[in-house]
Engineer: 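One structure, as structure tokens, below. Some questions next.
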Amino acid sequence: MAMTPMGILGILFLLLAIYCGTDPFKQSAISEFPDFEAYKVDMPSWGLVPTVRDKDNLLQKSEIKFLNQVQGPESMAFDPLGRGPYTGVADGRILFWDGEKWKDFAHTSSNRSELCNPKPSPLSYLPNEHICGRPLGLRFDKNTDDLYIADAYLGLFKVGPEGGLATSLVTEAEGVPLRFTNDLDIDDEGNIYFTDSSSKYQRRNFMQLIFSSENSGRLLKYNPRTKETTVLMRNLQFPNGVSLSKDGSFLVFCEGCSGRAKIRLFYYCYSSWWSFCVYSKYEVHRQKG
């Protein structure tokens, strides 16, 4: 009896399901992580998500700058004199735009070699990022002109106005290594607030981090005077960008877990820190940090 088209399609889907379920050639994103575990993501209902939209679609009127000139630019920063931008790129360098061309400014790794030479695409650098460095968040301290750098693999660094090899400041907190240092901001007193996206997965495994939504991420504070690092919040799911308010009274950061991202507030009131998990303008959860 001849097989019908629907029967053939059903068999093909069954074979595909068996292939995906057993992964015989170890090609899945989690094949190298036998202890992979998925975590629950607590999210608000869609009805609580703000509905404000850019009706004029202003982003479409933006001008694209430096097209095809740099690979994998992440954070951008301008120095206290307004020069720049400065940006970290895929090969581990921090570049500076001098108004006419991009110039090398700084780097975080002391082990740079031909492994870090230019490659066809930003993804080509992933296997060697832990050697070449991968600068993500950048901020200038307006009081010292120092540039602070969150390197995904190597931790928190700073480099002076002259550039060159940056100085390592933080590689661990409470005995737990920084495995995915992501972004940072600086208050008026020079304290550094930064995120460590995961204590389990590194940047080159970011897809596994997204799939699992594991909650070992942290928000931290570094005091450059005492050289102490404090964990302000823990058990976060892929904490990413962080930014202080203009008056320095609170900061916001993003949890980039799967599904809808969450924006969280961390509010400073006198000598006590309070954390606010903000799902929308209608719902705020507060807990003492």
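Side-chain atoms are counted along with the backbone in the values below, which use heavy atoms only and exclude waters and symmetry mates. Keep in mind that this is a model prediction, so the values were computed, not measured.
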Engineer: Could you go through Tyr201 and Arg179, starting from their C-alpha distance and side-chain angles, then the distance that decides it, and tell me whether this counts as side chain to side chain contact (heavy atoms under 4.5 Å, CB included)?
Structural biologist: CA-CA 7 Å; Tyr201 295 108; Arg179 289 184 60 80; over 6 Å; no

Engineer: Donor-acceptor check, side chain of Gln237 to backbone of Ser213, threshold 3.5 angstrom: yes or no?
Structural biologist: yes

Engineer: Quick one, Arg203 with Glu74, criterion salt bridge (Lys or Arg N to Asp or Glu O under 4.0 Å). Give me CA distance, side-chain angles, the key distance, then yes/no.
Structural biologist: CA-CA 13 Å; Arg203 200 195 88 88; Glu74 180 80 9; 5.4 Å; no

Engineer: Decide yes or no on side chain to side chain contact (heavy atoms under 4.5 Å, CB included) for Leu147 and Ile149, but give the supporting numbers first.
Structural biologist: CA-CA 6 Å; Leu147 175 64; Ile149 307 157; 4.2 Å; yes

Engineer: Considering only distance and modelled atom types, tabulate donor-acceptor pairs under 3.5 Å from the side chains of residues 155-172, sequence neighbours left out.
Structural biologist:
unit_1: Glu172; atom_1: OE1; unit_2: Gly175; atom_2: N; d: 2.7

Engineer: With no hydrogens and no angle check, do the side chains of Glu214 and Ser198 hold a donor and an acceptor under 3.5 Å apart?
Structural biologist: yes

Engineer: Can you tell if the side chain of Leu178 reaches within under 4.5 Å of the side chain of Phe194, non-hydrogen atoms only?
Structural biologist: yes

Engineer: Please tell me whether Tyr125 and Gln71 have a donor and an acceptor in their side chains that are separated by less than 3.5 angstrom.
Structural biologist: yes

Engineer: Report yes or no: do Tyr193 and Asp187 form a side-chain donor-acceptor pair below 3.5 Å?
Structural biologist: yes

Engineer: May I ask you to say whether Asp56 pairs ionically with Lys61, meaning some side-chain N is under 4.0 Å from a carboxylate O?
Structural biologist: no

Engineer: Say whether, by atom type as modelled, one donor and one acceptor occur between the side chain of Ser243 and the main chain of Val252 under 3.5 angstrom.
Structural biologist: no

Engineer: For Arg134, is there an ion pair with Asp91 - N to carboxylate O distance below 4.0 angstrom?
Structural biologist: no

Engineer: In sequence, state the C-alpha distance, the side-chain angles, and the governing distance for Phe180 and Leu209, and then conclude on side chain to side chain contact (heavy atoms under 4.5 Å, CB included).
Structural biologist: CA-CA 11 Å; Phe180 193 165; Leu209 176 54; 4.0 Å; yes

Engineer: Has the side chain of Asn205 got a donor or acceptor atom that lies under 3.5 Å from a matching backbone atom of Gln208?
Structural biologist: no

Engineer: Determine whether Tyr148 and Pro224 make a side-chain contact, defined as any pair of heavy atoms from C-beta on separated by less than 4.5 Å.
Structural biologist: yes

Engineer: Between Leu244 and Leu232, is there shared hydrophobic-cluster membership here, with clusters defined by ILVMFWY side-chain heavy atoms closer than 4.5 Å?
Structural biologist: yes

Engineer: Within the supplied structure, the quantity of interest is the number of heavy atoms (other residues, nucleotides, ligands) at a distance under 6.0 Å from Leu59 CG; does it exceed 12?
Structural biologist: no

Engineer: Parallel, tilted or perpendicular: which one describes the rings of Tyr86 and Phe105, with boundaries at 30° and 60°?
Structural biologist: perpendicular

Engineer: Does any N or O in the side chain of Tyr153 come within less than 3.5 Å of the main-chain N or O of Arg204, such that one atom is a donor and the other an acceptor?
Structural biologist: yes

Engineer: For the side chain of Thr195 and the backbone of Asn240, is there at least one donor-acceptor N/O pair under 3.5 Å apart?
Structural biologist: yes

Engineer: Within the side chain of Ser245, is there an N or O that forms a donor-acceptor pair under 3.5 Å with the backbone of Phe250?
Structural biologist: yes

Engineer: Using the rule side-chain contact (heavy atoms from CB on, under 4.5 Å), only one of Arg234, Glu255, Met233 pairs with Leu219; which is it?
Structural biologist: Met233

Engineer: Checking side chain to side chain contact (heavy atoms under 4.5 Å, CB included) for the pair Asp145/Phe140: CA distance, chi angles, key distance, verdict?
Structural biologist: CA-CA 6 Å; Asp145 293 348; Phe140 276 95; 5.5 Å; no

Engineer: For the pair Ser199 (side chain) and Ser216 (backbone), establish whether a donor and an acceptor sit closer than 3.5 Å, ignoring hydrogens and angles.
Structural biologist: yes

Engineer: If only atom types and distance count, is the side chain of Ser113 paired as donor or acceptor with the main-chain N or O of Leu115 below 3.5 Å?
Structural biologist: yes

Engineer: Between Ser109 and Gly133, is there a donor-acceptor pair closer than 3.5 Å when you use the side chain of the first and the backbone of the second?
Structural biologist: no

Engineer: Between Trp97 and Phe66 (judged by ring centroids, cut-off 6.0 Å), do the two rings come close enough to count as a pair?
Structural biologist: yes

Engineer: Do Asn223 and Glu189 come close enough that some side-chain heavy atom pair is under 4.5 Å?
Structural biologist: no

Engineer: Verify whether one side chain among Ser197 and Asn182 offers a donor that lies under 3.5 Å from an acceptor in the other.
Structural biologist: yes

